[in-house]
Amino acid sequence: YRRVVHPTYQAFRMTGISKNASREKLGMDPSERALLFFGFVRPYKGLKYLLQAMPAIVSQVKGIRLLVVGDFDGDKGDYERLIREESLESCVRIVEGYIPDQEVETYFSACDLVVLPYESATQSGIVQIAYGFQKPVIATRVGGLPEVVAEGKTGLLAKPKDPASLAEAVIRFFALGDSVNWKENIKQEEKKYSWDRMEEAVEAFYGE
C-alpha cells in the first residue's frame, strides 16, 4: 500500500466570490466573526461539543456567529434543544440539507474559520475544502487530522470531546489576529496536498 495525504479540493472555487459578497448573499453582517461547521451532521462529528463551547466563545469573542451547514439525517431536534438550553439562538444559524456543489463556495468564502470538533476520524475532506479556500481550521486531535492541521500555522488543535479545549482554541485564534498569516501558510502547503502528489504516488506504486 501507499500512504498519501488527502488532496485539496479546488473544484468548489467556481466564481471567486469575495467574503463580503458571500456575507451579503447570506444576509450576514460584514463585521461578524464567523465559524463554519460543514457537512453531514453525525454524532461522531462532535457538533454538540462545539455548541457547548459557544457560551465561553461568545463571552470572549465579540460579534461571533456559528454557521452549521449540512444534512442532519433526522437528529436536528437534539441540537436545537441544546441551542435553546445554552441560549445561543442569536449566534447560531442552521442551514439544513445537502448543499449543492455550486453553493459550497458561498459558505466557505463567508467564514473566518472552519471547525471540526470530531470525536473520531480517519481524515476529512472538509479540511481540504477549507484549504482550497485558504481558510484555517480548528480540529480535534483524532485520526489523521493532526497530520494535516499544522498547529499555529494552518490552524489549531483541540482535545476531542472537550468543549473547554474547543473554546480555548477558537478564542486563541481570534486573539492571534494578524500575527499569523494563515492564508500564506496554507498556500505554502499546497504542494503537499496537490493532486499531482496523488498522481505521482499512484504511478510509482503501479510501477513497482
Side-chain angles (χ1 to χ4, degrees), residues 5-6 8-9 13 17-23 26 28-39 45-47 49-69 86 88 90-93 105-118 121 123-124 126-193:
V5 178
H6 195 311
T8 297
Y9 290 127
R13 298 178 68 173
I17 189 171
S18 68
K19 178 189 284 188
N20 286 343
S22 295
R23 291 187 171 195
L26 296 173
M28 296 172 59
D29 189 318
S31 66
E32 289 180 1
R33 293 170 167 180
L35 311 178
L36 177 64
F37 177 100
F38 188 89
K45 292 194 173 181
L47 175 58
Y49 301 108
L50 179 54
L51 292 174
Q52 290 168 354
M54 284 300 293
I57 296 170
V58 170
S59 71
Q60 297 294 319
V61 182
K62 185 178 180 180
I64 193 76
R65 179 181 294 274
L66 169 62
L67 299 174
V68 179
V69 182
E86 300 287 357
L88 299 172
S90 64
C91 62
V92 176
R93 177 178 174 181
E105 181 178 30
T106 300
Y107 294 101
F108 279 86
S109 294
C111 77
D112 296 297
L113 178 64
V114 179
V115 185
L116 285 74
Y118 291 6
Q123 289 188 355
S124 173
I126 304 301
V127 174
Q128 301 305 338
I129 296 174
Y131 287 173
F133 289 96
Q134 296 169 355
K135 299 291 181 174
V137 173
I138 286 180
T140 46
R141 293 184 179 91
V142 296
L145 295 181
E147 298 176 26
V148 294
V149 179
E151 177 75 26
K153 186 176 180 182
T154 65
L156 299 171
L157 294 167
K159 298 176 184 176
K161 303 182 183 181
D162 190 332
S165 182
L166 274 172
E168 181 182 358
V170 173
I171 294 166
R172 181 183 167 210
F173 171 81
F174 287 106
L176 286 169
D178 295 333
S179 66
V180 178
N181 192 335
W182 306 100
K183 183 175 181 179
E184 185 60 32
N185 291 342
I186 293 167
K187 286 174 66 177
Q188 290 176 6
E189 295 282 293
E190 285 182 348
K191 172 60 178 174
K192 182 192 297 185
Y193 304 124

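Because only heavy atoms are used, hydrogens play no part in the values below, and waters and symmetry mates are left out as well, while side chains stay in.
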task = Take atom NZ of K19 as the centre, draw a 6.0 Å sphere, and report whether it contains more than 12 heavy atoms from other residues, nucleotides or ligands.
result = yes
key: Heavy atoms of other groups near Q134 CD, more than 12 under 6.0 Å   = yes
task = Quick one: do F133 and V114 satisfy side chain to side chain contact (heavy atoms under 4.5 Å, CB included)? Show the steps, please.
result = CA-CA 11 Å; F133 289 96; V114 179; over 6 Å; no
key: Polar side-chain atom of R23 near backbone of E32 as donor-acceptor pair, under 3.5 Å   = yes
key: Check: V148 main-chain N/O paired with Y131 side-chain donor or acceptor under 3.5 Å   = yes
Is there a side-chain contact between [X] and [Y] (heavy atoms, below 4.5 Å)?
X: F173; Y: V115; answer: no
X: L26; Y: R93; answer: yes
X: L66; Y: C91; answer: no
X: W182; Y: L156; answer: yes
X: E86; Y: L51; answer: no
X: Q60; Y: F174; answer: no

request  = If the plane angle is over 60° it's perpendicular, under 30° parallel, otherwise tilted; pick one for Y107 and F38.
outcome  = tilted
Verdict with supporting geometry, V137 and I186, side chain to side chain contact (heavy atoms under 4.5 Å, CB included) = CA-CA 10 Å; V137 173; I186 293 167; over 6 Å; no
query = Can you check side chain to side chain contact (heavy atoms under 4.5 Å, CB included) on K135 and L36, steps first, answer last?
reply = CA-CA 10 Å; K135 299 291 181 174; L36 177 64; over 6 Å; no
Nearest 0.5 angstrom please: [X] [atom1] to [Y] [atom2], how far?
X: L67; Y: L35; atom1: CG; atom2: CG; result: 8.0 Å
X: I57; Y: E168; atom1: CD1; atom2: CD; result: 11.0 Å
X: T106; Y: M28; atom1: OG1; atom2: CE; result: 11.5 Å
X: L88; Y: I64; atom1: CG; atom2: CD1; result: 12.0 Å

Using every non-hydrogen atom in the two residues, find where [X] and [Y] come nearest and quote the distance to one decimal.
X: A169; Y: L157; result: CB-O, 4.5 Å
X: G39; Y: I126; result: CA-CD1, 4.5 Å
X: V149; Y: V127; result: CG2-CG1, 4.4 Å
X: E105; Y: I17; result: OE2-N, 3.5 Å
X: S109; Y: S22; result: CB-OG, 3.1 Å
X: E184; Y: N181; result: N-OD1, 3.0 Å

key: side-chain contact (heavy atoms from CB on, under 4.5 Å) partner of P160, the single match among V142, L145, L166   = V142
ask   = Can you name the salt bridge (Lys or Arg N to Asp or Glu O under 4.0 Å) partners of E151, sequence neighbours left out?
value = R172
inquiry  = I'd like to know if the side chain of S31 pairs up with that of D29 as donor and acceptor (distance under 3.5 Å, no hydrogens or angles considered).
reply    = yes
request  = Would you check, one step at a time, whether the test side chain to side chain contact (heavy atoms under 4.5 Å, CB included) holds for I171 with V61?
outcome  = CA-CA 7 Å; I171 294 166; V61 182; 4.1 Å; yes
